[in-house]
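As structure tokens, the structure follows; a few thoughts come after it.
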Amino acid sequence: MQIQLNGEPHQLDHDPTLARLVEALGLGGRRVAIELNEEIVPRSQHAQTALAEGDRVEIVHAIGGG
């Protein structure tokens with residue numbers, strides 16, 4: 001299955017969820033904001049939110065600094 005991830009094509013395995021995508025990208029445990037098809041998805045719903053062919057996902061993560 002193919003989605004758009006931060007504006008770029010991205011191939012996914014079967015039965016993907018937002019939580020699995022975050023883990024696969026190495027962002028597990030980080031503070032991330034996810035927009036799916038132009039709607040923010042609360043962190044509490046990442047594990048239950050399935051992805052479908054052609055979905056548009058934007059992921060932004062906080063970077064600390066001084």
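The residues of the chain are indexed from 1 along the displayed sequence.
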Validation row: [X], [Y] side chains within 4.5 angstrom (heavy atoms):
| X | Y | value |
| --- | --- | --- |
| L25 | H10 | yes |
| L51 | P16 | yes |
| I40 | I34 | no |
| R56 | E38 | yes |
| T17 | H46 | no |
| D15 | R20 | yes |
| I59 | L21 | yes |

Determine the minimum heavy-atom distance between [X] and [Y], stating which atoms define it.
| X | Y | answer |
| --- | --- | --- |
| R30 | H61 | NH1-CE1, 3.8 Å |
| Q11 | Q2 | OE1-OE1, 3.5 Å |
| A47 | A19 | CA-CB, 3.7 Å |

Side chain to side chain contact (heavy atoms under 4.5 Å, CB included) between L12 and L5, intermediate numbers included: CA-CA 10 Å; L12 296 175; L5 176 61; over 6 Å; no
Atom pair CD (E35) and CG (N6), whose distance is rounded to the nearest 0.5 Å: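 That separation rounds to 10.0 Å.
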From CA spacing to verdict: side chain to side chain contact (heavy atoms under 4.5 Å, CB included), N37, D55: CA-CA 6 Å; N37 299 323; D55 276 347; 3.0 Å; yes
Flag if over 12 foreign heavy atoms under 6.0 Å of CD, E39: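 Open.
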Other residues, nucleotides, ligands: >12 heavy atoms within 6.0 Å of R43 CZ: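 Yes, because the 6.0 Å sphere around CZ of R43 holds more than 12 heavy atoms from other groups.
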